[in-house]
Each structure stands twice: as structure tokens, then as C-alpha cells.
Amino acid sequence: GIANAQKIGHVVYERVIANMPETRALQAELAKITKTYKDDIDGMKKKLDDKIKKYTAEQAQQTEDTNKQRAQEVQVDNSRIQQAEQAAYQDIQEKQNNKLVPIIGKARKAISEIAKAKQILYVLDASAGRSLLVSEGEDLYEAVKVKLGLLADAKKPTAPGQN
């Protein structure tokens, strides 16, 4: 019976993905893109706010037709801002999804190769929230860390007053 025992390993898959250099580079790239979009949209919002202030201040001196036209212009500008926000969000999501696929594939391949080399038949994801009740099997994280050149765990930000 012992000869038929099956080797089982486990790894915190989220930790592997999070510590891959490619993931960190992707996070930095997405942060840069996000900031660019935010700066552009904030500029659009400031121009609109300035326009609203100007139109509000001049409202009493303008004709009813001019005020209606200006109100419509403000609505169009507001719609453009909302569309820009939506387009930015979709672009960032698309970039993230497209660039994560090869990263995930690389991680899976490395874990598979390590399991095969160690003659492990099953590898469980030991991430938080998974139902790994006993972790007596071999933890593959260190082997994956070496194979993929994983970075150190990122420090989690702490709330003020916590250590």
C-alpha cells in the first residue's frame, strides 16, 4: 500500500504570481498608465469646473437661448468626461488581463515542472480562503521561487498606529 502512496504538494499560488518580476513590472506599468489617465481626466474636469463657474457668473447677463446653449455644452462636456473615464478603465483592465495570461502560464509551467521533477502527482493551491485543511505535503514555494526568480514578498501597508 505504501508503494502506491501518492505524493502531494502545495503552494500559495497567489504569492507566486504576486512575487514574479513580470507581475511587479506589470503593476508598475499599470500604475503609470492609470496616473496618465487620471491626470488627463482631472484636467478635463478642471476645465469643466472653470467653464461652469464662468457661465454661472455670467448667467444673469446672458439671454435665455445662450444660457440653454451653455447648459447643453456643459452636459456634453460632462458626458465626454464620463466616456473618458469608462474608456480608461476598460483599457487598463484589458491591458492587465492580456499581460497576466502569459505570467500565469509561466507560473503554472514552473510548478508543473517542479512537481514532475519531485514526482508529485497533485499540487494544491494553499492560498488564503482555499480549503487546504492539512498541509503535510511538500511546500513547493521555495523551489518555485528559485526557478522563477521570485522577488521578496511585498510589504503590506499597515494602518497608522499598527506595527
Side-chain angles (χ1 to χ4, degrees), residues 10-112 123-133 135 139-163:
H10 57 88
V11 67
V12 179
Y13 191 61
E14 290 172 20
R15 183 179 179 201
V16 171
I17 299 295
N19 290 331
M20 290 177 67
E22 296 91 335
T23 304
R24 299 276 177 87
L26 175 58
Q27 289 170 337
E29 179 184 340
L30 292 175
K32 185 177 177 182
I33 292 168
T34 299
K35 184 181 181 335
T36 301
Y37 277 129
K38 183 183 180 323
D39 291 347
D40 290 348
I41 291 168
D42 286 349
M44 292 169 70
K45 287 179 178 179
K46 180 163 181 5
K47 284 181 184 176
L48 179 58
D49 287 344
D50 291 346
K51 185 184 285 190
I52 290 171
K53 286 177 189 171
K54 178 184 180 219
Y55 287 176
T56 302
E58 296 173 353
Q59 187 173 4
Q61 292 84 20
Q62 300 298 323
T63 66
E64 187 177 330
D65 285 343
T66 300
N67 285 333
K68 282 182 184 177
Q69 183 181 355
R70 286 179 167 190
Q72 196 171 20
E73 188 181 321
V74 166
Q75 284 180 329
V76 167
D77 288 352
N78 205 11
S79 292
R80 281 192 191 125
I81 291 170
Q82 289 174 349
Q83 289 170 349
E85 288 173 330
Q86 194 171 28
Y89 175 79
Q90 288 173 342
D91 184 49
I92 291 166
Q93 288 298 307
E94 188 176 311
K95 279 181 175 41
Q96 180 179 21
N97 292 339
N98 290 341
K99 293 190 177 195
L100 267 180
V101 169
I103 293 170
I104 290 169
K106 183 177 179 180
R108 285 186 184 271
K109 182 178 181 209
I111 292 167
S112 178
V123 178
L124 303 175
D125 182 356
S127 298
R130 303 285 194 254
S131 57
L132 181 63
L133 302 176
S135 60
D139 185 350
L140 302 181
Y141 185 79
E142 289 304 316
V144 174
K145 182 177 180 180
V146 170
K147 185 166 188 73
L148 291 176
L150 299 182
L151 304 171
D153 290 331
K155 297 209 181 330
K156 296 205 180 349
T158 57
Q162 288 183 334
N163 289 333

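These figures come from a predicted structure and were not determined experimentally.
Considering only heavy atoms from C-beta on, Thr56 stays 4.5 Å or farther from Lys53 through its side chain. Contact annotation: the side chain of Arg24 approaches that of Gln27 to within less than 4.5 Å [non-hydrogen atoms, C-beta and beyond]. Proximity of Arg70 to Thr66: side-chain heavy atoms (C-beta onward) are separated by under 4.5 Å at one or more points. The shortest distance between side-chain heavy atoms of His10 and Leu140 does not fall below 4.5 Å.
The CG atom of Asn67 sits 6.0 Å away from atom CD of Gln62, with the distance rounded to the nearest 0.5 Å. Within the model, atoms OG1 of Thr23 and CD1 of Ile17 stand 5.5 Å from one another, a figure rounded to the nearest 0.5 Å. Once rounded to the nearest 0.5 Å, the distance linking CE of Met44 with CG of Asp42 reads 10.5 Å. Within the model, atoms CE of Met20 and CG of Leu100 stand 9.5 Å from one another, a figure rounded to the nearest 0.5 Å. In this structure, Gln82 CD and Ile41 CD1 are separated by 11.0 Å, a value rounded to the nearest 0.5 Å. If you take CD1 on Ile52 and CD on Gln59, they are separated by 11.5 Å, rounding to the nearest 0.5 Å.
Between Thr36 and the choices Thr34, Asp39, Asp40, Ile33, the side-chain contact (heavy atoms from CB on, under 4.5 Å) rule is met once, by Asp40.
Residue pairs meeting the salt bridge (charged side-chain N to carboxylate O under 4.0 Å, His left out) criterion with at least one member in residues 83-92, sequence neighbours excluded, are Lys45-Glu85, Asp91-Lys95.
For the pair Ala57 and Gln61, the tightest heavy-atom approach, listed with the atom from each and the gap, is O-OE1, 3.5 Å. Closest of all the heavy-atom pairs between Leu151 and Tyr141 is O-OH, 4.3 Å. Of all heavy-atom pairs spanning Pro21 and Gly149, the tightest one is CG-O, 3.4 Å. Residues Gln96 and Leu30 approach most closely at CB-CD1, 3.7 Å, considering heavy atoms.
Judged by distance alone, with hydrogens and angles left aside, the side-chain atoms of Asn19 form no donor-acceptor pair with the main-chain N or O of Leu150 at under 3.5 Å.
Counting non-hydrogen atoms of other residues, nucleotides and ligands closer than 6.0 Å to CD of Gln69 gives a total of 12 or fewer. Atom NZ of Lys47 sits in a sparse spot, with 12 or fewer heavy atoms from other residues, nucleotides or ligands closer than 6.0 Å.
Between Asp50 and Lys54 there is no salt bridge, since no side-chain nitrogen of the basic residue lies less than 4.0 Å from a carboxylate oxygen of the acidic one.
The side-chain hydrogen bond (donor to acceptor under 3.5 Å, both in side chains) test applied to Gln86 returns no partner, not counting sequence neighbours.
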